[in-house]
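Below is one structure, written out as structure tokens, with a few remarks after it.
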Amino acid sequence: MRILILGGSQFLGRAIAAHACAAGHDVTCAARGLAGPIAPGARFVRIDRDVADGLAPLTGATFDAVVDVSRHPGQVRRAVAALKRPNVHWTFVSTISVYADNRIPGQRADTAPLREPAAEDLEHSTDAIYGAAKVACEQAVGGDAFICRAGLIAGPEDPTGRFAYWPARLARGGEVLAPGSPDDAVQFIDVRDLAQWIVHAAEVRLTGIYDGIGPVRSRGEFMAECASALNASCTFTWVDRAFLEAHDVRRWAGPRSLPIWLPLPDFAGFLTRDTSPAREAGLTSRPPGNTARDTLHWLHVSGGPVVGLTGDEEKDVLAAWHAERVT
Ligand SMILES: NC(=O)c1ccc[n+]([C@@H]2O[C@H](COP(=O)([O-])OP(=O)(O)OC[C@H]3O[C@@H](n4cnc5c(N)ncnc54)[C@H](OP(=O)(O)O)[C@@H]3O)[C@@H](O)[C@H]2O)c1
């Protein structure tokens, strides 16, 4: 199969290219060449999707399948106009941030209500309108494509440093500040599993809308499995939302955060999506310990980013928690 990846020079796009090459496909990655190198074995074509004739270097080339990872409606509209043909299988990588309701657990891709789309003629997305812009991108792609709404993507080469916090922290061992309760839900997908499924979808010409995430696990199970895979000796001190927020421990990502933690019940639906349709359509998920081990290895060899509380910040919060329990 001749596969064109619009992107392919970082994280998920590069993993899709690597997997497609390993599966014996003829792979072209088209990007500006700024984000990073493409996967070995893939062909690189330099394009700029932000200008009107920026896809011209692809003129005349034919593909059996196209995968687009863009978040910018202008880029998606131009790609659809230039490259989408009835016999070309089209994958658009979207996000679970398209959903309107983050509170209700167990929602499914085919029935959950969406946010209002961003303005029809929007060129560029920003963090503030990421979900709405992806809705607009999906609408520009149309109903005959494979729309893969990814959840949190984890694993080697993750430029966000979010998931990496946990293997990096657990590997140090000792008393670990853990957010919420061990029964709270965690849901993510290893980048390599998602990449494999996206290539599989092109091979079998899967269409329709799916959430691309792994199974729901409890946070306690997730932490214990990762610690065990890393041979780390950890004890977990579970600290409630009110205390964390009172001590300026932030949600999800960034400085002073406990990554992948979202306050409940506000986000009870975000990490509890029903992904049985995706599993029935071929998505598989490796054990979390495997993702944790490989992410830690990648951190060691690459010095890749880690976000979240520093060791000293974590110690201060734990000390405050224990002090409050004594008094
Ligand atoms: N990370 C997560 O946890 C998460 C969660 C849910 C959904 N998602 C979705 O998953 C996908 C992740 O994709 P990704 O990891 O491959 O990263 P990405 O940040 O979406 O990659 C963007 C790609 O597009 C290329 N690009 C950007 N601007 C361009 C331009 N003007 N012209 C041509 N190419 C351009 C970049 O390469 P150059 O800069 O070299 O041009 C890069 O290869 C995205 O769709 C994201 O929304 C991610």
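Remember, it's 1-based here, ligands and their atoms both numbered in the order they're listed.
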Please name all residues satisfying salt bridge (charged side-chain N to carboxylate O under 4.0 Å, His left out) with Glu138, sequence neighbours left out, ordered by chain then number. Arg149

Excluding sequence neighbours, so at least two apart, what forms salt bridge (charged side-chain N to carboxylate O under 4.0 Å, His left out) with Glu314? Arg169

How far apart are the C-alpha atoms of Gln75 and His124, what are their side-chain angles, what is the distance that settles it, and do they pass the side-chain hydrogen bond (donor to acceptor under 3.5 Å, both in side chains) test? CA-CA 8 Å; Gln75 294 186 355; His124 279 104; 4.6 Å; no

For the atom pair SG (Cys226) and CE (Met223), what is the distance rounded to the nearest 0.5 Å? 8.5 Å

Let me know which protein residues bring a heavy atom to under 4.0 Å of ligand 1; chain then number is fine for ordering. Gly7, Gly8, Ser9, Gln10, Phe11, Leu12, Gly13, Ala31, Arg32, Gly33, Leu34, Ala35, Ile47, Asp48, Arg49, Asp50, Val69, Arg71, Gln75, Val93, Ser94, Thr95, Tyr130, Lys134, Ala150, Gly151, Leu152, Ile153, Arg162

What class does the angle between the rings of Phe243 and His247 fall in, given that below 30° is parallel, 30 to 60° is tilted and above 60° is perpendicular? parallel

Could you tell me which residues satisfy side chain to side chain donor-acceptor pair (under 3.5 Å) with Arg250, sequence neighbours excluded, listed by chain and number? Asp248

